[in-house]
Amino acid sequence: ILNVEQSPQSLHVQEGDSTNFTCSFPSSNFYALHWYRWETAKSPEALFVMTLNGDEKKKGRISATLNTKEGYSYLYIKGSQPEDSATYLCAPLNFGNEKLTFGTGTRLTIIP
Amino acid sequence: EPEVTQTPSHQVTQMGQEVILRCVPISNHLYFYWYRQILGQKVEFLVSFYNNEISEKSEIFDDQFSVERPDGSNFTLKIRSTKLEDSAMYFCASSERTDSTNEKLFFGSGTQLSVL
């Protein structure tokens, strides 16, 4: 069983501020890392799938970096907006496996 | 935009009863999954399905669970004899997965299963 840790567990950020949070995972046998955004009463929505060490992906104001050697990924949100309020889940995927192992998530609340 | 649909959104059942949770994955997707989240816990993998057979399953997915793709569109999860601890939100997901660039999962909105 993969040990996937996300921190912080919850976060309150003022609208307009930037923020970031962390996902750590075992670096051995790594294949890919998924980030999902999960808004209340909706289904989890994929943000990024990252595979290469040093990879950086961006979608609008949200970006993510990946360090596969040390086993962590950062998710950054620039200029937070109320619609960014959600739980952000990360999930690594190992070689030869089909399953994503999810962390507990970071619950982000944007304060207007 | 294509989406994964799940029915029902909420299912209440008595312990020991059989339930079938239904999903319609995105039509050109090849890989199908069931995940669940027990209240307050992490989202957990149950099973993956490809080419009309189970490709991987977790230790949760015991003999009480089964999956089926009875036609070209539906993907079902059956729990033969439900237990109290099966109460959870069950998510279906599908993926193209033709290469590493399109492996993201598309999730349905979930079925909240309550076992009484």
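Letters A, B, ... are given to chains in the order of the sequence lines, protein chains preceding strands, and every chain is numbered from 1.
In this structure, the portion of Tyr35(B) lying under 4.5 Å from any heavy atom of chain A is its side chain and not its backbone. Within the 4.5 angstrom heavy-atom criterion, no atom of Leu47(A) approaches chain B. Of the two parts of Tyr33(B), only the side chain, counted from C-beta on, holds a non-hydrogen atom closer than 4.5 Å to a non-hydrogen atom of chain A. Contact annotation for Glu44(B): neither backbone nor side-chain heavy atoms come within less than 4.5 Å of a heavy atom of chain A.
With salt bridges taken as basic N to acidic carboxylate O contacts below 4.0 Å, none links Asp63(B) and Arg80(B).
The distance from the OG1 atom of Thr101(A) to the CZ atom of Phe45(B) is 9.0 Å, given to the nearest 0.5 Å.
The environment of Glu18(B) atom CD is dense: over 12 non-hydrogen atoms of other residues, nucleotides or ligands sit within 6.0 angstrom. Heavy atoms from other residues, nucleotides or ligands lying under 6.0 Å from CG of Leu84(B) number more than 12.
Between His34(A) and Phe48(A), a ring centre-to-centre spacing not shorter than 6.0 Å is recorded.
Put simply, of Ala91(A), Ala41(A), Gly103(A), Gly105(A), the one with the most heavy-atom pairs under 4.5 Å next to chain B is Gly103(A). The greatest number of non-hydrogen atom pairs below 4.5 Å with chain A, out of Ser58(B), Ala93(B), Gly108(B), is found for Gly108(B).
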